[in-house]
Amino acid sequence: MRNRDFAGTPVGAVGLGCMGMSWAYTESERDDDASVALIREALDLGVTFLDTAQPYGDGHNETLVGRALAGRRDEAVLATKTGLVVESLATRKIVRNGRPEHVKASAEDSLRRLDTDVIDLYYLHRVDPDVPLADTWGEMAELVAEGKVRRLGLSEVSVAQAAEAHAIHPVAAIQSELSLWTRDAMGQPAAESAGAGAGAVSGAGEAGDVVGWCAANGAAFVPFSPLGRGFLTGTVTAADFEDGDFRGANPRFQEEALKANLRIVDVVKAVAERHGATPAQVAIAWTLAQGDHVIPIPGTKKQRYLRDNAAAADLDLTETDLAELDAVPAAVGGRY
């Protein structure tokens, strides 16, 4: 696999988001042993940029990733997060907590669950509006000084928030949703951005061109959900999800919006057919084409999809392809 640079360290151009191995999507298919094997195969394929977080299964995902990396920790660049707390695993109620004492305690918990001495990349999962960003970020910088964390990142922030944090301690990466149907981080909001309830964990609103900010400031941009939560693979054609699947309550996956959004998939399929590739590979390759500093982290629980996603690193889209993909209609429905 081709590599990309993360803070002076080469990593696979396509990373791996591990969240779905623990919760949110088709949880009936959860299989810890299979997930451990998948993470290990990812390393064999050169997929070395791994992403997890404490809320994913309320600690389950970190423990799972730690188990998978036993004996192979040095092969991975490992990212996890602080700033969100699961109040109810059953309902997936999550609250923000950016207090310095929480940041410190949650880092220790993550180190224990991951069974590692140091976290390569520690994100602030969401900014807590009740705590000054400088206070949260300052405590995270202390973790770097203590040698417990190597680099710091932010998730779902605006350009202004990124600049504020960067003035205190370097921002090594920003992780936000980016895909052919979600371009908010490029300063291109969707056609309909409403739909996030009061308790939802939503983005930063008018974020601005965060992708461009990262390029200008030496930070990686890490797209999560580059496959549109599976939609851009072309395999989701109806609003038919098992109970508890996150997408069942997502505005973009409601029947009327989903049917309208299939126009996006039609273009992706057409480009894929020209290259003898899969729609998933085209969707991931489009994110890679947004800059050499972009490292997408598609998630999967299935080895055949892992191999498919990894191969996207070697797919070169033409200027014609990119023009067609850039012109797809904006997504109908909010992200949350």
Is it true that, when you exclude Glu256 itself, more than 12 heavy atoms of the residues, nucleotides or ligands shown sit nearer than 6.0 Å to its CD?
no

Any carboxylate oxygen within less than 4.0 angstrom of a Lys/Arg side-chain nitrogen, looking at Lys302 and Asp308?
no

One should read off an interatomic distance between Thr300 OG1 and Met21 CE, to the nearest 0.5 angstrom, of 7.5 Å

Sequence neighbours left out, what passes side chain to side chain donor-acceptor pair (under 3.5 Å) with Trp286? Give chain and number order.
Asp326

Taking atom CG as the centre, does Asp117 end up with more than 12 heavy-atom neighbours from other residues, nucleotides or ligands that are less than 6.0 angstrom away?
no

Might you point out which heavy atoms bring Phe6 and Ala173 nearest each other, and give the distance in Å?
CE1-CB, 4.0 Å

So which pairs with a foot in residues 264-274 pass side chain to side chain donor-acceptor pair (under 3.5 Å), sequence neighbours left out?
Arg274-Asp321, Arg274-Glu324

d(Gln281 CD, Leu315 CG) to nearest 0.5 Å is 6.5 Å

What is the distance from atom NE2 of His102 to atom CG of Asp109, rounded to the nearest 0.5 Å?
8.5 Å

Spacing of Leu50 atom CG and Ile297 atom CD1 [to the nearest 0.5 Å]
10.0 Å

Can you tell if the side chain of Asp130 reaches within under 4.5 Å of the side chain of Arg96, non-hydrogen atoms only?
no

Under 4.0 Å between a Lys/Arg side-chain N and an Asp/Glu carboxylate O for Glu41 and Arg307?
yes

Calculate, to the nearest 0.5 Å, the distance between atoms NE2 and CG belonging to His293 and Asp5 respectively.
12.0 Å

With sequence neighbours excluded, tell me which residues meet side-chain contact (heavy atoms from CB on, under 4.5 Å) with Arg30.
Asp32, His60

Residues passing the salt bridge (charged side-chain N to carboxylate O under 4.0 Å, His left out) test with Asp31, sequence neighbours excluded, are none

With a 4.5 Å limit on heavy-atom distance, are the side chains of Val171 and Asn217 in contact?
no

Does Arg73 reach the main-chain N or O of Ala76 with its side chain, forming a donor-acceptor pair under 3.5 Å?
yes

Ser179 side chain to Pro226 main-chain N or O, any donor-acceptor pair under 3.5 Å?
no

Parallel, tilted or perpendicular: which fits the ring planes of Trp181 and Phe253, with parallel below 30° and perpendicular above 60°?
perpendicular

Just to verify, what does Lys259 make a salt bridge (charged side-chain N to carboxylate O under 4.0 Å, His left out) with, not counting sequence neighbours?
none

Provide the closest heavy-atom pair for Leu16 versus Ile39 in the form atom of the first, atom of the second, distance.
CD2-CG1, 4.2 Å

Start with the C-alpha gap between Asp51 and Lys81, add the side-chain angles, then the distance that decides, and say whether salt bridge (charged side-chain N to carboxylate O under 4.0 Å, His left out) holds.
CA-CA 9 Å; Asp51 185 86; Lys81 309 174 187 74; 2.6 Å; yes

Please find the pair of heavy atoms, one from Val159 and one from Gly208, that lie closest to each other, and give the distance.
CG2-C, 4.1 Å

Side-chain touch Val268/Leu325, heavy atoms, less than 4.5 angstrom:
yes

Quick check on Glu255: does its CD atom have over 12 non-hydrogen neighbours (other residues, nucleotides or ligands) under 6.0 Å away?
yes

Looking only at side chains, do Gln254 and Asn250 share a donor and an acceptor under 3.5 Å apart?
no

If you measure from the Lys or Arg side-chain nitrogens to the Asp or Glu carboxylate oxygens, is any gap between Glu108 and Lys148 under 4.0 Å?
yes

Where the side chain of Thr233 meets the backbone of Ala280, is there a donor-acceptor pair that is under 3.5 Å apart?
no

May I ask whether Val131 and Trp137 are part of the same hydrophobic cluster, defined by side-chain heavy atoms of I, L, V, M, F, W, Y residues being less than 4.5 angstrom apart, directly or through others?
no

Of Asp135, Val149, Ile168, Leu152, which meets side-chain contact (heavy atoms from CB on, under 4.5 Å) against Met140?
Leu152

Candidates Thr80, Thr116, Thr52 - the one meeting side-chain contact (heavy atoms from CB on, under 4.5 Å) with Ser110
Thr80

According to the salt bridge (Lys or Arg N to Asp or Glu O under 4.0 Å) rule, which pairs have a member within residues 83-95, sequence neighbours left out?
Glu27-Arg92, Glu87-Lys93

Side chains of Val65 and Tyr56 in contact at under 4.5 Å (non-hydrogen atoms)
no

Measuring from Arg113:CZ to Ser106:OG, what's the distance to the nearest 0.5 Å?
8.5 Å

Charged N-O contact under 4.0 Å between Asp292 and Arg2
no

Main-chain N/O of Gln175 paired with Ser155 side-chain donor or acceptor, under 3.5 Å:
yes

Counting heavy atoms not belonging to Arg151, are there more than 12 under 6.0 Å from its CZ?
no

